[in-house]
Amino acid sequence: MRAVDLIEKKRDGKELTTEEINFLIESYTKGAIPDYQMSALAMAIYFRDMTERERADLTMAMVNSGETIDLTAIEGIKVDKHSTGGVGDTTTLVLAPLVSSLGVPIAKMSGRGLGHTGGTIDKLESIEGFHVEITKEEFIELVNKHKIAVIGQTGNLTPADKKLYALRDVTGTVSSIPLIASSIMSKKIAAGSDAIVLDVKTGAGAFMKTEEEARELAQAMVRIGNNVGRKTMAVISDMSQPLGYAIGNALEVKEAIDTLRGHGPKDLEELCLALGSQMVYLAEKAASLEEAKAKLKEAIQSGKALAKFREFIASQGGNPDVVDHPERLPQAAYQIDVPAKADGVISEIVADEIGIAAMLLGAGRATKESKIDLAVGLVLNKKVGDPVQAGETLVTIHSNREDVAEVIEKIYANIKISDHAEPPKLIHGIV
């Protein structure tokens, strides 16, 4: 087989066989196919698309390019959740203890975040003593004992995807549905779960700006999952404004605690119940999504979910007292209120720009080498559709430096006040 023949075949709109896809991915991973040929193939896929069978084969070829995690020693149906990203995306911090409190094993692999705020691991590390540097054996033991554990991503999962992703980034082929879907699903499948729930974002702060694009991606990923023997469901959710109120690591942990108490932001709670009910249903702990949702609400009201969060923190070396004393989380030196300049209704909060404002404070990483300040970030006091009076606080800045003029300027440029606005619909659909 020669790579050039397969590039031409895909360029001409023909279907690649399983064997041909395996050859391309295996050879590329080993360095036998150069970047320029793989770039040409990515562009051919971008324009010519792939069939459902090709997409599933591409996904599994990337899964098999490196290590896979064997979670068979964990009892029960293991369900993983993936979000396509967003601003103030606190869902994992709420979902992991909430869903595991119903006996669903949550064996979560998380990375450190690049972007507006840290990843789930960075957020959890704002809890004193909490650590994710545990062996695979300890990880499996913790999940069997407590139904929940979080570990840092292992080194050699899906190396083909890492290489191809870096290439797509610089060749204008990032926004190809088969390439995005196989990239995301290969990582989830390699991580060893039996079932996968996807939170596919749409709107200004999302990768998929329109609902149609988000639906197409969600359907592609669900079909890949189901075609390779992983029960998969998806929620299409709004990211035209940040989720919840908090953007920043310790601030989001506090918001997760509030939500597990039943006092969190309504949109965050609604999304967690939608995703959580799919997780509980796929784990066969409820006969329907409605029954699953009722069980999750009961776990919040009874305090069971919060108790599970305490247990989880303690099991990984963290101080569980932060659940009852969130003021023990890292605190910023300055809290600066940004007042509204006019009366009206909040009509727009540009999610990704507000996320960048949080990153400017040190809440996220611009590069892998950047150091995160776990205490800093933003807390919104208003959401789209809320009335506001001049002088009322729009946002509270949590900062460790006094001079935040550039952050204030960014906030004013990206929160619009009009005469009238309706709050956006949070859940756009279930796939």
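Since we're looking at a predicted model, the values are computed, not measured.
Lys293 meets the salt bridge (charged side-chain N to carboxylate O under 4.0 Å, His left out) test with no other residue; sequence neighbours excluded. Annotation: side-chain hydrogen bond (donor to acceptor under 3.5 Å, both in side chains) contacts of Glu311 (sequence neighbours excluded): His146, Lys308. Residues meeting the salt bridge (charged side-chain N to carboxylate O under 4.0 Å, His left out) test with Arg53, sequence neighbours left out: Glu15, Asp57. Qualifying side-chain hydrogen bond (donor to acceptor under 3.5 Å, both in side chains) partners for Asp70, counting only residues two or more places apart in sequence or in other chains: Thr72. Applying the ring pair (Phe, Tyr, Trp, His ring centres under 6.0 Å) criterion to Phe207, with sequence neighbours excluded, gives no partner residue. Scored by the ring pair (Phe, Tyr, Trp, His ring centres under 6.0 Å) test, Tyr28 finds no partners at all (sequence neighbours excluded). The salt bridge (charged side-chain N to carboxylate O under 4.0 Å, His left out) check on Lys231 picks up Glu284, with sequence neighbours excluded. Residues satisfying the side-chain hydrogen bond (donor to acceptor under 3.5 Å, both in side chains) test with Arg11, not counting sequence neighbours, are none. In this view, Asp267 and Lys383 satisfy the side-chain hydrogen bond (donor to acceptor under 3.5 Å, both in side chains) rule, not counting sequence neighbours. For Asn22, the side-chain contact (heavy atoms from CB on, under 4.5 Å) partners at least two apart in sequence or on another chain are Thr18, Ala61. Under the salt bridge (charged side-chain N to carboxylate O under 4.0 Å, His left out) criterion, Asp373 pairs with no residue at all, not counting sequence neighbours.
Contact record, Ala287 with Glu291: N-OE1, 3.0 Å, taken as the closest heavy-atom pair. The two atoms that bring Leu24 and Met38 nearest to each other are O-CE, 3.8 Å, heavy atoms only. Minimum heavy-atom separation, Pro326 to Gln331: O-NE2, 3.7 Å. Of all non-hydrogen atoms in Val235 and Ile427, the two that sit nearest each other are CG1-CD1, 3.8 Å. For the pair Ser399 and Val404, the tightest heavy-atom approach, listed with the atom from each and the gap, is OG-CG1, 3.5 Å.
No hydrogens or angles considered: a donor-acceptor pair under 3.5 Å links the side chains of Thr92 and Lys81.
When side chains are defined from C-beta on, Thr202 does not count as touching Arg215, because their heavy atoms never get closer than 4.5 Å. A 4.5 Å side-chain heavy-atom check between Leu306 and Ile257 finds at least one atom pair inside the cut-off. Residues Lys10 and Glu54 form a side-chain contact, since some pair of their non-hydrogen atoms from C-beta on lies under 4.5 Å apart. Within the 4.5 Å cutoff, the side chain of Leu394 has heavy atoms near those of the Ile346 side chain.
In this structure, Lys209 places its NZ atom where more than 12 heavy-atom neighbours from other residues, nucleotides or ligands lie under 6.0 Å away. Within a 6.0 Å radius of CD in Glu128, no more than 12 heavy atoms belonging to other residues, nucleotides or ligands are found. Heavy atoms of other residues, nucleotides or ligands lying less than 6.0 angstrom from CD of Glu141 number 12 at most.
Between the side chain of Asp49 and the backbone N or O of Pro178 there is no donor-acceptor pair closer than 3.5 Å. One N or O on the side chain of Arg55 and one on the backbone of Met50 form a donor-acceptor pair closer than 3.5 Å.
Residues Asp5 and Lys9 are not paired through a salt bridge, judged by the lack of any N-O separation under 4.0 Å between the basic side chain and the carboxylate. Under 4.0 Å is where a charged nitrogen must lie from a carboxylate oxygen, and between Glu67 and Lys136 at least one such pair does. Between Asp80 and Lys78 there is no salt bridge, since no side-chain nitrogen of the basic residue lies less than 4.0 Å from a carboxylate oxygen of the acidic one.
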Worked verdict on Thr120 versus Lys108 for side-chain hydrogen bond (donor to acceptor under 3.5 Å, both in side chains): CA-CA 10 Å; Thr120 301; Lys108 187 81 189 133; over 6 Å; no
Under 3.5 Å, sequence neighbours excluded: what are the donor-acceptor pairs made by side chains of residues 355-364?
none

